[in-house]
Structure formats: structure tokens, C-alpha cells
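Right, one structure below, let's go through it.
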Amino acid sequence: MIANRLGLSEKPWLSSAEAACVAEASQPFSVLVDRPDPDVVVVSVVGEIDLLTASPLHDQLDRVLAAGPPRLVIDLTHASFLGATALSV
């Protein structure tokens with residue numbers, strides 16, 4: 001688990017282009033916000049959602065929801081772990 005948080009996992013969680021972006025940011029956890037359509041906001045989570053990362057995720061979701069998007073998609077495809085704290089987000 002620690003290896004995943006440090007970006008040292010041998011399992012390819014992301015495509016090579018996505019992994020390069022995350023590696024450049026040097027962050028094992030990130031929240032990406034995309035608006036593929038004017039009515040849709042996609043929030044993608046990369047990494048582990050646990051006690052340390054739930055608060056930044058919650059803050060980002062609050063900012064997105066404050067804008068009042070008609071449709072919100074939360075993409076957990078690249079979330080490698082969901083701790084009990086993730087349920088409260």
C-alpha cells in the first residue's frame with residue numbers, strides 16, 4: 001500500500017500518458033476536474049481515498065457543486081483504495 005501512495009507500484013493503474021501527468025505532479029493522490037460538455041462535470045480521482053485524502057476530495061467536490069452543474073460524474077476508475085472515510089465524502 002505504501003508503494004502505491006509513493007507512486008512505486010508495478011501495477012499500471014493509468015495509461016502511460018495519464019501516468020506521466022501524475023508522475024510529473026509528484027503526487028500519489030490527485031483530483032482531476034473535466035468539463036467534456038457544458039452540462040457535465042467529471043471529477044476523476046487518482047490514488048487512495050483515506051483519512052489523509054478525504055478532506056481535499058471533499059473540498060474539491062464542494063467547489064464543483066457550488067457551481068451547480070446539471071450533471072456530475074465521479075470517476076473512481078483510477079482510485080486504488082477506498083477507506084471507510086471515503087464513504088463520508
Does Val33 form a side-chain contact (heavy atoms from CB on, under 4.5 Å) with Val41? I'd like the steps, not just the answer.
CA-CA 7 Å; Val33 179; Val41 175; 3.8 Å; yes
Check the hydrophobic clustering (I, L, V, M, F, W, Y; side-chain heavy atoms under 4.5 Å; chains of links allowed) and say if Phe81 and Leu51 are grouped together.
no
Just verifying a value: how many Å separate Asp50 CG and Ser80 OG, rounded to the nearest 0.5 Å?
9.0 Å
Is a donor on one side and an acceptor on the other found under 3.5 Å between the side chain of Thr85 and the backbone of Ala54?
no
If we only count heavy atoms from C-beta on, is the Val45 to Phe29 side-chain gap below 4.5 Å?
yes
Just distance, no hydrogens or angles: give the donor-acceptor pairs under 3.5 Å from side chains in residues 58-69, sequence neighbours left out.
from, atom 1, to, atom 2, distance (Å)
His58, ND1, Asp62, OD2, 3.3
Gln60, OE1, Arg63, NH2, 3.0

Step by step, would you call Arg71 with Asp39 a side-chain contact (heavy atoms from CB on, under 4.5 Å)?
CA-CA 6 Å; Arg71 185 173 299 160; Asp39 292 336; 5.6 Å; no
Any side-chain heavy atom of Val43 within less than 4.5 Å of one from Asp75?
no
Linking directly or through intermediates, with side-chain heavy atoms under 4.5 Å: list the remaining ILVMFWY members grouped with Val42, chain and number order.
Val40, Val73
Between Thr53 and Glu48, the two heavy atoms sitting closest are OG1-O, 2.7 Å
